[in-house]
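We use all heavy atoms of the structure for the numbers below, so side chains are in, but hydrogens, waters and symmetry mates are not. Just so it is clear: chains get the letters A, B, ... in the order the sequence lines come, proteins before strands, and each one is counted from 1.
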Amino acid sequence: MAIAESGQSSASSPLVTQLHGWVTTVDHKRIGIMYILMSFFFMVVGGIEALLIRMQLWVPDNTLIGPDTFNQLFTMHGTTMIFFVVMPMLTGIANYLVPLMIGCRDVAFPRLNALGFWLSLFGGCILYTCYFTGDALYGLGSAPDVGWFAYAPLTSPAYARGGAVDYWILGTSVSGVGALTFAVNLVATILTMRAPGMKLNQVPLFVWMMLIDAWLILVAFPPLTAAQIMLILDRYAGAHFFDPQSGGSALLWQHLFWFFGHPEVYIMVLPAFGIISEIIPVFSRKVIFGYASMAAATAAIGLISLGVWAHHMFTVGLDDRLDAYFSAASFLIAIPTGIKVFNWTATLYGGRLQMRTPMLFALGFLSMFLIGGLTGIMLATVPVDWQVSDSYFLVAHFHYVLFGGSLFALMGGCYYWFPKATGKMLSEKLGLWHFWLLFIGFNLLFGPMHISGILGMPRRVYTYQAGQGWEFWNQVSTVGAFIMGFGILFFFINIAVSLRSGKKAGDDPWDAWTLEWATSSPPPSYNFEQILAVRSRRPLWDLKHPEDPDWKYE
Amino acid sequence: MSKSTADEALELPPVESSEFPLTTAQVGMAAFLCSEAAFFSTLVVSYLIYLGQDQSGPTPAESLSLTRAVINSAFLLGSSGTIMLAMNSRKANSLGGFSVWMFVTIALGVMFLVGTAYEWEELIYKDGLTISRNLFGTTFFTLIGFHAFHVTIGLVLLTIITCLERAGRFSAKSEAPELVSWYWHFVDAVWIVIFGVVYWMGT
């Protein structure tokens, strides 16, 4: 309190001026950093929720957390991690990088961009306001307890009394509108503001994937918003969209939700693909293998992902022919994804690999995402899905994809571009600690879930009885969770230490080839003193090697 | 690091043009309209799924009037034509023509809203159809309501654009009026879908 007052008394103090500068900024780089900070904040919150869940499952018949609180914890954990950790982190990284990578001074609509950030942040705040309502903090109040996908009729007025579900609806839809503004901005920026000479087939692959990503956001988020509006009308205007007693259908919610929810998986993982496609070539000292097939595969994923939503619904008893279609379409996604994995591996093959932290994260991503992808194919097989649906096997699968895949790569991206954003290098030593603790903890946490799932442990149970063979696997998982927590602690320590006393980075510490490394670190607010003309996919290589530039071969 | 002045010294080939055929603002508007289309598609699909599911009445055939809808549609679709004339006048540098046609467009939009209000009054008070009465009411009022909401937003935008243009706040190159007209055409296009799905199929 004293600190706050002393801060206010000297209104002209640099800190207040600086804060004012950040709050009112429309600079894409600052907005990007604020998105990432927001993501870090909610990562801690969502992580604590996850640790509480794991503590509860440490021993059978545990009474640490009651069933009601447990329901609220996994709901808030899922919602937080998806909408307020992965989304803002990818939005932040893309916001920071895309204008730099395509050599322009800012995004298309800077003020809209700022609006998008504040909407996302306020969405998160609205969601967490629920903890201060109803029974308030001690009873962990009226947090939503309906799962992150808020299935009807659990969300109907009859089953979800109080405002908890409303906080969920408002929080996620407000941040969803924020995501839409981001997507509009990104599409306009990438299509119309590239540096002179930079053709669409010459932008870095990260930019390609963000373009498809933005397109997916444009198509997938509005249906969620529409469904949420229907839900609000059900709850407060007496409408019957999801009310089976009056002829409505609880299934409609599932269809609409997963029409958003499945593309959302790709919205979260495409930026990861993009980051990996930037890191692997630089640290293998090779051109990316199969640029065109990479971009085409991304577009194919973007299209197919819109037609597979009902593979989340094999167990609701759809028509067999529908199941067959959605199963086949889901298998189809393995093809473009396989092309990508093949291309990354081919880029690694014969390269002079430099095992720096970003590269470690890239390789970690590759292996974790591969496992997640393979269990994904298993789950796309209808009979297997019938067997293990809503068990811990499924929990393991999507954590391998979304944490091992998406978040691993996003963290790798943080290591790769941190020097650009701050002018300081992150410590390699602390980075190694971070990576290995995270990697080992991650596999200890989610690996055994495959087994406990096959042994029949359903997801979302707040406790279980002894003697079902689940204790051991759950304890391994819990140990893994805490190791991972320590790993993330090292991440934050690394950032703090490096900001204070990190090695100076210089403009281009990794000897990379894309345009963002052509400006100073951190870049000036106008990004580039002079906009470079682009003749190939690796403009910086051309600049560094005028005797053997890429444009002679492309 | 920037050495583009060195380009000529190194005898680099000139860069090929990478211009996109649309302007930045146009792409932004188009992207936004894509998301709007996804939003309305969801509402339309939900309407179609429940169409004929609930026989407890009033059903569309019992309560909707095709004549009423055709008259109302004429207002809205006509306004798409008048806003086009307004944009043509603007290109021809005729502030008077622009103002007149924008005024007609706004008037037609308002008449459409009045028509909707009249329809809703009949539906609610004569047929007893409300959002909570049955599934038809639920989906009908949601879909039509959101369309009317978009028309209202459009009317506000049209009014602002007209006032600013008359006050000379836009340069001749400004794209804002053109982009708002895109939005207005989009709202009309959605109405054509709604007319087909709700009124034509329903009655």
Next item on the list: Applying side chain to side chain contact (heavy atoms under 4.5 Å, CB included), run through Ile229(A) and Phe146(B) and close with a yes or a no.
Entry: CA-CA 10 Å; Ile229(A) 287 167; Phe146(B) 266 95; 3.4 Å; yes
Next item on the list: State, to 0.1 Å, how close Tyr50(B) and Gly247(A) come at their nearest heavy-atom pair, and which atoms those are.
Entry: CE2-O, 4.0 Å
Next item on the list: Below 4.5 Å from any heavy atom of chain B, which atoms of Met198(A) appear? Answer side chain, backbone, both or neither.
Entry: backbone
Notebook entry, point to check: Pick from Gly197(A), Ser246(A), Ala237(A): which one has the most heavy-atom pairs with chain B under 4.5 Å?
Noted result: Gly197(A)
Next item on the list: Among the options Met193(A), Met230(A), Gln202(A), pick out the one with the most heavy-atom pairs lying under 4.5 Å from chain B.
Entry: Met230(A)
Item checked: Flag side-chain contact, heavy atom, 4.5 Å: Pro222(A) against Thr42(B) -> no
Item checked: Over 12 foreign heavy atoms within 6.0 Å of OH, Tyr118(B) -> no
Margin query: Could you check whether atom CE of Met84(B) has more than 12 heavy atoms from other residues, nucleotides or ligands sitting under 6.0 Å from it?
Written below: no
Note to self: Counting only heavy atoms from other residues, nucleotides and ligands, does the tally under 6.0 Å from OH of Tyr125(B) exceed 12?
What the structure shows: no
Checklist line | Part of Thr181(A) within contact of chain B (heavy atom distance under 4.5 Å) | finding: neither
Next item on the list: Report the distance from atom SG of Cys34(B) to atom CG of Leu218(A), rounding to the nearest 0.5 Å.
Entry: 6.5 Å
Check: Where is the tightest heavy-atom contact between Val27(B) and Ala188(A), given as atom of each residue plus distance?
Finding: CG1-CA, 3.6 Å
Notebook entry, point to check: Measuring from Thr142(B):OG1 to Phe241(A):CZ, what's the distance to the nearest 0.5 Å?
Noted result: 3.5 Å
Margin query: Between Leu191(A) and chain B, with a heavy-atom cut-off of 4.5 Å, which part of the residue counts as in contact: side chain, backbone, both or neither?
Written below: both
Checklist line | Under 4.5 Å from a heavy atom of chain A, the part of Ser41(B) involved | finding: neither
Notebook entry, point to check: Do the side chains of Phe32(B) and Leu112(A) get nearer than 4.5 Å, heavy atoms only?
Noted result: no
Next item on the list: Count the heavy atoms belonging to other residues, nucleotides or ligands that lie under 6.0 Å from CZ of Phe103(B), then report whether that count exceeds 12.
Entry: no
Notebook entry, point to check: For the atom pair CZ (Arg194(A)) and CD (Glu19(B)), what is the distance rounded to the nearest 0.5 Å?
Noted result: 9.5 Å
Check: If we only count heavy atoms from C-beta on, is the His255(A) to Val45(B) side-chain gap below 4.5 Å?
Finding: no
Checklist line | Residue Trp215(A) excluded, over 12 heavy atoms near CH2 under 6.0 Å | finding: no
Check: Among Ile131(B), Leu43(B), Thr130(B), who wins on heavy-atom pairs under 4.5 Å with chain A?
Finding: Ile131(B)
Note to self: Is Ile49(B) in contact with chain A via its backbone, its side chain, both, or neither, using a 4.5 Å heavy-atom distance?
What the structure shows: side chain
Item checked: Spatial distance of atom CG (Leu233(A)) from atom OG1 (Thr138(B)) [nearest 0.5 Å] -> 8.5 Å
Next item on the list: Measure distances from Ala220(A) to the heavy atoms of chain B and classify the residue's part below 4.5 Å as side chain, backbone, both or neither.
Entry: neither
Notebook entry, point to check: Among Ala108(A), Pro549(A), Ser520(A), Ser249(A), which residue forms the greatest number of heavy-atom pairs with chain B at distances under 4.5 Å?
Noted result: Ser249(A)
